[in-house]
Visitor: 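Have a look at this one.
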Amino acid sequence: MSPGATRSGPGGPGPTPPIGVFDSGLGGLTVLRSIIDLLPDEPLLYFGDTGRFPYGPKPHDEVRRYALEIADLLVARDAKLLVVACNSATAVALDVLRDRLEIPVLGVIEPGLAAAARATRTGRVGVIGTVGTIASGAYQRAADALADPIDLTCAACPGFVEFVESGDVHSDQVHVLAERLLAPVRAAEVDTLVLGCTHYPLLARTIGDVMGPDVVLISSADETAFSVRALVDAHGLAAPPAPPDAPARHGFVTSGDTATFRALGTRFLGPEVDAVEAWSWT
Ligand code: DGL
């Protein structure tokens, strides 16, 4: 453990170095779920920057600064690998994080887009994300780098993240907003839609209802988890098998309200969210 670092609260990771995972709030828990399911022996340390969400509408350099601050915090707590479980931060900060950190860093854009490229039958793929992610052009750049070209239609969905963070994922209001925001990808007749924000899988029912049953929804969560496994193996970072009576423990830290994080985190992730540590940036 690094000098001066402290462990997260009770229930946090034990002596095995954790995989650090962060998002602007609760959305990254969709990625965390997939990592827990695929790599049950790995302790995870999750940071939700709920006190500063949403990232999507903020200037890119501000989001980049937030990402670096959180990365420093997670590295100080011994993270052996960093997962940027946020498209908005991946879009603008992945390169600088990889340059600055000595641990492997993984984002969520490439894994999700690669899955969409495999799934599409027509080559018409949609991506929905925050204003920051879509405006960054990161998905278009990732699509241009694919071996087989796809026809990408991107649409920003301002407002979706706020609904998720308030715990409202199925109301009529969300549905009405989805009808309006998804109009461009419906008009483009995509057969595959990338949920290019880690909050959006929590809206999958509403998004699926609006898009119709013929459109495949791609969450980057599972694909990212497979990439995490590959990276852990490639760097020889795998945790020792956890004994059945002492499963891997996970830590949760938020810059927002801990009670809200715990309540919604338990609903969205499951019982793994027990103790939640408060973090203040001041
Ligand atoms: N979950 C995030 C993403 O994947 C961030 C959303 C936000 O804070 O605006 O983009």
Side-chain angles (χ1 to χ4, degrees), residues 20-35 46-71 82-94 97 105-113 115-116 126-142 154-169 174 177-178 181 193-204 207 217-225 227-228 252 254-257 260-261 264-265 268-269 281:
V21 182
F22 79 88
D23 178 48
S24 66
L26 296 159
L29 294 177
T30 58
V31 179
L32 202 81
R33 177 76 267 155
S34 295
I35 301 174
Y46 184 87
F47 188 92
D49 203 5
T50 319
R52 304 194 293 197
F53 104 99
Y55 283 4
K58 295 201 163 77
H60 292 178
D61 53 353
E62 189 173 341
V63 174
R64 208 172 285 125
R65 179 165 59 80
Y66 291 173
L68 286 165
E69 285 173 355
I70 297 167
L82 181 68
V83 180
V84 185
C86 172
N87 288 260
S88 311
T90 298
V92 301
L94 188 66
L97 288 168
V105 182
L106 190 71
V108 282
I109 290 180
E110 278 169 28
L113 198 66
V127 175
I128 53 173
T130 65
V131 169
T133 298
I134 300 304
S136 74
Y139 270 98
Q140 191 58 60
R141 284 194 294 281
C154 299
C157 294
F160 275 4
V161 169
E162 287 80 352
F163 271 112
V164 172
E165 290 286 334
S166 72
D168 178 355
V169 290
V174 189
L177 183 65
L181 295 175
L193 181 66
V194 180
L195 306 180
C197 169
T198 52
H199 283 72
Y200 296 178
L202 299 164
L203 297 170
I207 294 170
L217 303 185
I218 303 280
S219 151
S220 50
D222 286 346
E223 299 305 319
T224 302
S227 299
V228 170
F252 298 88
T254 179
S255 58
D257 180 65
T260 306
F261 186 96
L264 289 175
F268 293 149
L269 179 81
W281 288 115

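When a ligand or atom number is given, it counts from 1 through the structure's own listing order.
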Visitor: Could you tell me whether the side chain of Glu110 and the main chain of Ala142 form a donor-acceptor pair under 3.5 Å?
Guide: no

Visitor: Check Val161 against ligand 1 and report side chain, backbone, both or neither, counting heavy atoms closer than 4.0 Å.
Guide: side chain

Visitor: List the closest protein heavy-atom neighbour of atom 1 (N) of ligand 1: residue, atom name, distance to the nearest 0.1 Å.
Guide: His199 ND1, 2.7 Å

Visitor: When you look for heavy atoms under 4.0 Å from ligand 1, do you find them on the side chain of Thr198, its backbone, both, or neither?
Guide: both

Visitor: Measuring from atom OG of Ser34 to atom CD of Glu223, what distance do you get when rounded to the nearest 0.5 angstrom?
Guide: 9.0 Å

Visitor: Could you tell me whether the side chain of Tyr55 and the main chain of Gly132 form a donor-acceptor pair under 3.5 Å?
Guide: no

Visitor: Nearest protein heavy-atom contact for atom 7 (C) of ligand 1: which residue, which atom, what distance?
Guide: Tyr55 N, 3.3 Å

Visitor: Between Ser255 (side chain only) and Gly51 (backbone N and O only), is there a donor and an acceptor less than 3.5 Å apart?
Guide: yes

Visitor: Could you name the option among Ser24, Gly107, Pro54 that has the heavy atom nearest to atom 5 (C) of ligand 1?
Guide: Ser24

Visitor: Check for a donor-acceptor pair, side chain of Tyr139 on one end and backbone N or O of Ile134 on the other, with a separation under 3.5 Å.
Guide: no

Visitor: Just jot down the ligand 1 atoms closer than 4.0 angstrom to any heavy atom of Ser88, in number order.
Guide: 3 (C), 5 (C), 10 (O)

Visitor: How close do Phe268 and Gly167 get, heavy atom to heavy atom, and via which atoms?
Guide: CZ-CA, 4.3 Å

Visitor: Can a donor-acceptor pair be found, under 3.5 Å and without considering hydrogens, that links the side chain of Arg64 to the backbone of Ala93?
Guide: no

Visitor: Who's the nearest protein heavy-atom neighbour of atom 9 (O) of ligand 1, and how far?
Guide: Gly56 N, 2.8 Å

Visitor: Pull out every atom of ligand 1 sitting under 4.0 Å from any heavy atom of Thr130, numbered as shown with elements.
Guide: 6 (C), 9 (O), 10 (O)

Visitor: Under 4.0 Å from a heavy atom of Asp23: give me the atoms of ligand 1 that qualify, with their elements.
Guide: 1 (N), 2 (C), 5 (C)

